[in-house]
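These notes are about the structure you will find just below.
Note that the structure is a prediction, hence the values are computed from the model and not measured. Here is the naming used below: chain letters follow the sequence lines, and residue numbers restart at 1 for every chain.
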Protein chains: 2
Amino acid sequence: MKTGVFIVDDHYMVIEGIRSLLQNEKDIEWLGHAMNVASCHAFLKQQLPDIILMDVNLPDLSGIELCKEVRQLFPSVFVLGLSTFNQRPVIQNMIDNGASGYILKNATKEELLDAIGTVMKGKSFLSFDAALSMKDPIDKAPLITRREKEILQLIAEGLTNAEIGEKLFISIPTVNTHRKSLLEKFGAKNTAALISKASKSGIL
Amino acid sequence: MKTGVFIVDDHYMVIEGIRSLLQNEKDIEWLGHAMNVASCHAFLKQQLPDIILMDVNLPDLSGIELCKEVRQLFPSVFVLGLSTFNQRPVIQNMIDNGASGYILKNATKEELLDAIGTVMKGKSFLSFDAALSMKDPIDKAPLITRREKEILQLIAEGLTNAEIGEKLFISIPTVNTHRKSLLEKFGAKNTAALISKASKSGIL
DNA sequence: AGAAAAATCATCTTTTTTAATGATTGTACA
DNA sequence: TGTACAATCATTAAAAAAGATGATTTTTCT
């Protein structure tokens with residue numbers, strides 16, 4: 001019984017790379033690819049793969065949503081995230097939404113096969129170890145609340161506390177409180193460092 | 001006479017994808033790949049390719065530097081940048097440093113061959129058209145000076161004007177002047193917006 | 001060599017952020 | 001059902017950034 005593999009990624013060369021890696025594998029059947037959410041939907045109406053390799057950031061921006069949907073509609077279909085580095089928060093988000101793990105785009109053929117095998121056994125595959133062993137510094141994003149995120153985004157847009165307060169119908173001191181907890185949670189000395197770290201960690 | 005192609009990219013799957021796309025081309029000889037600047041250097045000591053496909057952001061962070069070096073040391077070697085979207089400023093930087101153009105990682109086989117052919121004729125290949133037709137909003141980065149960039153980075157790290165002045169041996173008003181021209185060039189209302197825009201445009 | 005751009009410094013005012021403390025009201029969850 | 005935690009508001013003060021103007025010295029490029 002072959003494992004049906006489908007891939008969703010907006011980079012043709014990555015699709016081609018994975019296809020090339022998997023094409024001679026006896027246990028794997030290449031079902032095709034989609035380069036956006038819409039065509040992935042279209043495919044799933046026709047046929048269900050065993051596993052979907054899914055880029056964590058698609059042009060539609062809703063890779064996380066897609067993962068959630070797939071897992072809800074078709075619980076038998078496993079999702080394995082495909083990512084580059086410094087996308088830890090996005091990956092976490094994807095796993096929270098039902099992905100069975102993720103694999104880095106610079107993984108070797110062996111790692112890829114290992115990941116597919118592991119996931120098909122119902123286990124999860126995380127290559128955090130590989131990521132951690134890289135020198136690339138991964139700023140892990142702190143957990144922030146809905147309100148804090150909302151305010152963080154407005155700060156990044158350049159609004160002052162007064163403007164944010166007006167927009168959200170809250171007082172300036174309140175905005176300030178959230179701002180301070182953001183600074184603390186991110187370990188940032190000031191707004192500049194805050195926005196910089198938030199950007200790097202993928203929240204913005 | 002075959003065209004010798006070498007690739008520098010930190011994503012194994014992209015390397016594999018391009019190899020797979022090019023392997024049956026009669027006019028192209030696959031010379032190998034490097035996943036970082038160091039091993040690219042090592043290769044160039046042994047053999048000179050006709051064209052190097054080079055990822056714009058390598059783990060060493062010095063893709064632009066590498067491009068510059070290669071073009072200076074070996075003017076006969078063409079460099080074609082490999083990029084994803086929203087990296088316009090980085091690409092521009094690479095072209096300013098001698099790259100003959102760039103191609104998106106979601107390009108088709110035809111586009112890739114076209115790009116290689118065009119570059120080998122000594123022309124430049126830019127897939128800006130393709131990029132522009134995408135809905136992905138590209139924040140084009142303003143041209144900033146070396147000094148401004150230096151200060152921008154220190155601001156992003158959370159240093160105050162006084163600290164920056166001390167570090168760079170310049171006065172606080174000077175730091176302020178640069179800061180203001182950064183705000184103006186980026187069209188940002190304040191530091192938060194500045195860092196946010198700079199991050200999005202890939203400068204940080 | 002000369003023009004343009006970059007980098008430097010200064011003064012002064014206003015606005016905004018940061019810090020330090022304290023307190024109340026919901027609400028989710030064990 | 002009580003205990004975190006989130007979200008709200010307040011006061012006061014110090015630090016920092018932003019805005020306005022003007023000027024000099026280097027670099028860089030043509």
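Under the salt bridge (charged side-chain N to carboxylate O under 4.0 Å, His left out) rule, B:E148 has a single partner from B:K180, B:R179, B:K185, which is B:K185.
Rounded to whole Å, atom C1' of D:dA10 lies 14 Å from atom CD1 of A:I170. Across the protein-nucleic acid pair, B:L194 atom CG and C:dT17 atom P stand 14 Å apart, rounded to whole Å. Separating the NZ atom of A:K149 from the C1' atom of D:dA7 is a distance of 18 Å, rounded to the nearest angstrom. Rounded to whole Å, atom P of D:dC5 lies 17 Å from atom CD1 of A:I144. One can place NZ of B:K180 at 9 Å from P of D:dA20, the figure rounded to the nearest angstrom. Here the P atom of nucleotide C:dC9 and the CD1 atom of B:I172 are 11 Å apart, to the nearest Å. The distance from atom CG of B:N161 to atom P of C:dT16 is 17 Å, rounded to the nearest whole Å. Rounded to a whole Å, the CG atom of B:L182 is 13 Å from the C1' atom of D:dA18.
Between C:dA5 and B:R147, no contact under 4.0 Å exists linking OP1 or OP2 to a side-chain N or O. Within the structure, every side-chain polar atom (N or O) of B:N190 is placed at least 4.0 Å from both OP1 and OP2 of D:dA18. Dashed line: the shortest gap from a side-chain N or O of A:T145 to OP1 or OP2 of D:dA7 is under 4.0 Å. At the phosphate of D:dA7, neither OP1 nor OP2 sits under 4.0 Å from any side-chain N or O atom of A:T174. The side chain of B:T191 contributes no N or O atom lying less than 4.0 Å from OP1 or OP2 of D:dA17. Residue B:R179 places at least one side-chain N or O closer than 4.0 Å to OP1 or OP2 of D:dA18. Between A:S171 and D:dC9 there is a side-chain N or O to OP1 or OP2 distance below 4.0 Å.
Each of C:dT18, C:dA7, D:dC9 was ranked by its minimum atom distance to the side chain of B:E148; first place goes to C:dA7. Counting only heavy atoms from C-beta on, B:H178 has its side chain closest to C:dA7 among D:dA16, D:dA7, C:dA7.
Nucleic acid contact for A:N176: base, since at least one base atom lies under 4.0 Å from a heavy atom of the residue.
For the pair B:R146 and B:A188, both in contact range of DNA chain D, the more 5′-proximal nearest nucleotide belongs to B:A188. Residues A:T177 and A:L183 each lie close to DNA chain C; by heavy-atom proximity, the contact nearer the 5' end of the strand is made by A:L183.
With a 4.5 Å cut-off on side-chain heavy atoms, B:K109 and A:E16 do not count as touching. Annotation: side chain of A:V77 is not in contact with side chain of A:F6 (no heavy-atom distance under 4.5 Å).
Checking side-chain atoms of B:N190 against main-chain N and O of B:A193 turns up a donor-acceptor pair under 3.5 Å. Between the side chain of A:D50 and the backbone N or O of A:G4 there is at least one donor-acceptor pair closer than 3.5 Å.
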